[in-house]
There are 2 protein chains.
Amino acid sequence: MSKNCRFAVAVHVASVLALNGEAPCTSEWIAGSVNTNPVVIRRILSALAKAGLVTSIRGSAGGSVLARRPETITLLEIAQAVDEDGGPALHHQKPNPLCTVGRGIQPVLAGIIQRAEAAREAVLGQTLLSEVIHAIQVEAG
Amino acid sequence: MSKNCRFAVAVHVASVLALNGEAPCTSEWIAGSVNTNPVVIRRILSALAKAGLVTSIRGSAGGSVLARRPETITLLEIAQAVDEDGGPALHHQKPNPLCTVGRGIQPVLAGIIQRAEAAREAVLGQTLLSEVIHAIQVEAG
DNA sequence: GAAACCGTAACCGTTACGATTACAAGGAGA
DNA sequence: TCTCCTTGTAATCGTAACGGTTACGGTTTC
């Protein structure tokens, strides 16, 4: 599956924003919580803003705030905002059409992979950011 | 998700082997159907053999055959044989434990990702290689 | 012994990622 | 207006993974 941690960072960012409420968070402060570089956070924030999940305020005393209530944001929206790549890849080269398998496998596999991804996304689509925040608070004590 | 096409190639390889029945297939012949290098196929075959799905015969007139009937092989077994990487990644660095989110997010996210992956794997676990072969034959005409 | 085949190590070019630096643009306050 | 502070984005670097390829040793058949 995906080898990047953008989804994990994006949920982390959204959780920090949600816990801060109306107060804008700077990318530097969020980076301190995620333990990475502020530019990495800004790239994530940019993707979340394009998806309408986050609003960024430029200038001094600026920062980012959640654009919607945590009860209305699913993890699927966050995942789709930062992870444009959809599902496992098919063949690099086109299979040999002279072979029965080579001729017919690609649409069959595409359908199966799509169904598997849909099942995975259903779980993310049913998980709300507010639930994640609650679980984090329970976990962190 | 995963950016490699090993799963697609592995299903392709297994389908070719299944359609050839008892007759061993050489890696070069399979490579001709997949349209890639024989060594790439041998690497996939090696992983499938370690999972007990394929038997390889060395020496002249050698090749590979399916070790089990296609009705008893699920796509999940094939995926796990060639894709050791499990699910999306968490953070690169450990989050800051001084932050509530940093302290609690990792186990929460791990649980959610695991549930999402389980849903995806359930679909693959219910799909049999024999069904794939049938669909390929219908598709290829 | 020769030929055919598997198994694997080694290497190359490409691609993607996270991290970092640098800089332009925007906005608040002195 | 001037000065910070912040976002936004481009450019670059090092690393890691992947597919493709060559090479070579081991194995089996003829």
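Per chain, numbering begins at 1; letters A, B, ... match sequence-line order. For the numbers below, each heavy atom of this structure counts, side chains included, while hydrogens, waters and symmetry mates do not. Note that this is a predicted model, so its numbers are computed, not measured.
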To the nearest Å, how far apart are A:Phe7 CZ and C:dC17 C1'? 18 Å
I'd like to know if B:Glu28 and B:Arg42 make a salt bridge, using a cut-off of under 4.0 Å between side-chain N and carboxylate O. no
Does a side-chain N or O from A:Ser60 land closer than 4.0 Å to OP1 or OP2 of D:dT6, or not? no
If you compare every side-chain N and O of A:Ser46 against the phosphate oxygens of D:dT9 (OP1, OP2), does one of them come in below 4.0 Å? yes
Within the 4.5 Å heavy-atom criterion, are A:Leu17 and A:Leu45 side-chain neighbours or not? yes
Of A:Val40 and B:Val39, whose closest DNA chain C nucleotide lies nearer the 5' terminus? B:Val39
C:dG7 OP1/OP2 closer than 4.0 Å to side-chain N/O of B:Ser56: yes
Tell me the interatomic distance from B:Leu17, atom CG, to C:dC6, atom P, rounded to whole angstroms. 11 Å
Using a heavy-atom cut-off of 4.0 Å across all strands, would you classify B:Thr36 as base, sugar-phosphate, or nothing? sugar-phosphate
Taking B:Asn35 for the side chain and A:Lys94 for the main chain, is one N or O donor matched with an acceptor at less than 3.5 Å? yes
Measure the CG-CG distance between B:Leu76 and B:Leu128 for me, rounded to the nearest 0.5 Å. 11.5 Å
If you check the B:Asn4 side chain, which of D:dT7, D:dG19, D:dC4 turns out closest? D:dG19
Using a 4.0 Å heavy-atom cut-off, does A:Ile57 contact any base of the nucleic acid, only the sugar-phosphate backbone, or nothing at all? sugar-phosphate
If you find the nucleotide of DNA chain D closest to A:Arg43 and the one closest to A:Ala49, which residue's nucleotide is nearer the 5' end? A:Ala49
Grab the CG-P distance between B:Asn37 and C:dG7 for me, whole Å please. 15 Å
Roughly, in whole Å, what's the span from CZ in B:Arg6 to P in D:dA17? 11 Å
For the pair made of CD1 in A:Ile41 and C1' in D:dT6, what is the distance, rounded to whole Å? 15 Å
With a 3.5 Å cut-off and just heavy-atom distances, do the side chain of B:Arg58 and the base of D:dT27 make a donor-acceptor pair? no
How many whole angstroms separate atom CG of B:Leu90 from atom C1' of C:dG18? 16 Å
Closer to the 5' end of DNA chain C via nearest nucleotide, is it B:Gly62 or A:Gly59? B:Gly62
B:Arg42 side chain N/O closer than 4.0 Å to the phosphate oxygens (OP1, OP2) of C:dT8? no
Once you round it to whole Å, what is the distance between P of C:dC6 and CD1 of B:Ile44? 15 Å
B:Ile30 backbone acceptor or donor facing B:Ser33 side chain under 3.5 Å: no
